[in-house]
2 protein chains.
Amino acid sequence: MPDTLQAAARAPKDRQAQIADTARALLDAEGPQALTMRRIAGALGIKAPSLYKHVPDKAALEALVVAAGFAELASTLAAAAADGAGHADGPGKLAAIASAYRAYAVARPHLYRLMTQQPLRRDLLPAGLEARAAQPLAEAAGYDEARARAMWAFAHGMVSLEIDGRFPPQADLDQAWRAGLAAFAPPGATQRKIAED
Amino acid sequence: MPDTLQAAARAPKDRQAQIADTARALLDAEGPQALTMRRIAGALGIKAPSLYKHVPDKAALEALVVAAGFAELASTLAAAAADGAGHADGPGKLAAIASAYRAYAVARPHLYRLMTQQPLRRDLLPAGLEARAAQPLAEAAGYDEARARAMWAFAHGMVSLEIDGRFPPQADLDQAWRAGLAAFAPPGATQRKIAED
DNA sequence: GTCTATACCCGGATAGAC
DNA sequence: GTCTATCCGGGTATAGAC
């Protein structure tokens, strides 16, 4: 996506956000090997040393990308939760969140890995952002922390194995998701629905 | 563990296995940054170019390490399954496998990542090894592939988030494991046990 | 806020002598 | 099967001019 890249490099935002957007576009398009100071600077039409006038070091630059990713994910999940609530209060909402989570990760595997496969630099993240991203799932888990963490692990595991190409080629991933979601669905939620009919 | 390293470098096996063992010890001790041809050769008391007389390239060397890891994991899980069967056929076996899986990964996080966070080079893996490692879980899932994949995803997600330091510091991981295992336990397995008493 | 020049580190891999 | 010498690539980051 050179269009995305050029758009990010041209946008008239403050320079830090512009740098983060460019880095993100580069990461999406070419993966982590492309996330170097030279490449990012090049995409912005400047030289690598100039970046250090706007960002202290590479870790800070990556933190900007990660933070933007979590903000985006939080919005996506919140929208999915609101949408899923309309259908069938119980399992519909959880399924909607799961589906949005998977879609987010699969569409940007490199960013997803950057966001999840290393210790979170919470000191470089806007306050409350992590909680905002976790909120929809926390609510779907009835604010049971252990349950929420188990559900998150399931989703993260499914997504990680998918984007890392670990499932056999012919594996039916939709079916695996359904099996997991059924296991985690509030006991009786589906059955009650059926019994009522 | 310099002892492990020296032992690996001295063992009188064929040279390929010796190289793989040394690489593995280096990986366990210092992480992936240490897994370079120069470092591995150095630990063996030779120079980097000499390695190419025994291994075609670095990818092949890594494949040897990964293969050894899966053989080890397969044995560990099989033993845990046999052990867990003794207690309470249903949930006891699954819990035993999960516990062994977690212990394996947490004890060697760098190796676990090397084994799971990249596409599996099945062409460089001994035939049947992947299936052997998956067998205990497949059986515990009643040979329901979707269910087995969901359970694997849960376990992989829990382990990945733990070794990547993503859970909040005060999170109770044992409780999260119990919540997940309870969700995946064959419906009625625990209840039946309780009802029988 | 950008540049050039550069320091300093690292990596995988090959050629050819012994 | 080991060595030395080397190629060729890459990375983060700083100094100092403009």
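So you know, we letter chains A, B, ... as the sequences are listed, proteins then strands, and number each from 1. All values below come from the heavy atoms of this structure, side chains included, with hydrogens, waters and symmetry mates left out.
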Atom CZ of A:Arg15 and atom P of C:dG1: how far apart are they, to the nearest Å?
-> 9 Å
Between the protein and nucleotides 4-9 of chain D, which nitrogen or oxygen pairs are less than 3.5 angstrom apart?
none

Residue list, side-chain hydrogen bond (donor to acceptor under 3.5 Å, both in side chains) with B:Gln135, at least two apart or on another chain = B:Tyr143
Name all pairs fulfilling the salt bridge (charged side-chain N to carboxylate O under 4.0 Å, His left out) condition that reach into residues 127-136 of chain A, sequence neighbours left out, sorted by first residue then second.
-> A:Arg122-A:Glu130
If a pair satisfies side chain to side chain donor-acceptor pair (under 3.5 Å) and one of its residues is in residues 57-66 of chain B, list it, with sequence neighbours excluded.
-> none
Apply salt bridge (charged side-chain N to carboxylate O under 4.0 Å, His left out) to A:Arg178 and list each qualifying residue two or more places apart in sequence or on a separate chain.
-> none
Compute the angle between the rotation axes at the two ends of the helix from C:dG1-D:dC18 to C:dC18-D:dG1, each taken over five pairs, rounded to 10 degrees.
-> 10°
Name all residues meeting the side-chain hydrogen bond (donor to acceptor under 3.5 Å, both in side chains) criterion together with A:Gln118; count only those two or more places apart in sequence or in a different chain, and write none if there are none.
-> none
Counting only N and O atoms by type, is there a donor-acceptor contact under 3.5 Å from the side chain of B:Arg147 to the main-chain atoms of B:Phe184?
-> yes
Pairs of donor and acceptor atoms involving the side chains of residues 43-52 of chain B, under 3.5 Å and at least two apart or interchain, shall be tabulated with distances.
| unit_1 | atom_1 | unit_2 | atom_2 | d |
| --- | --- | --- | --- | --- |
| B:Ser50 | OG | B:Lys47 | O | 3.4 |

B:Leu51 CG to C:dA13 P, straight-line distance once rounded to whole Å | 11 Å
In residues 52-68 of chain A, which residues come under 4.0 Å of DNA chain D by heavy atom?
-> A:Tyr52, A:Asp57, A:Lys58
In a table with atom names and distances, give each donor-acceptor pair under 3.5 Å that connects a side chain of residues 64-71 of chain B to protein atoms at least two apart or in another chain.
none

Side chain to side chain donor-acceptor pair (under 3.5 Å) pairs, two or more places apart, involving residues 29-46 of chain A = A:Glu30-A:Arg39
Contacts satisfying side chain to side chain donor-acceptor pair (under 3.5 Å) that involve residues 94-116 of chain B (not counting sequence neighbours) are B:Glu72-B:Tyr104, B:Tyr101-B:Tyr112, B:Tyr101-B:Trp152, B:Arg102-B:Glu162, B:Arg102-B:Asp174, B:Tyr112-B:His156, B:Arg113-B:Asp164
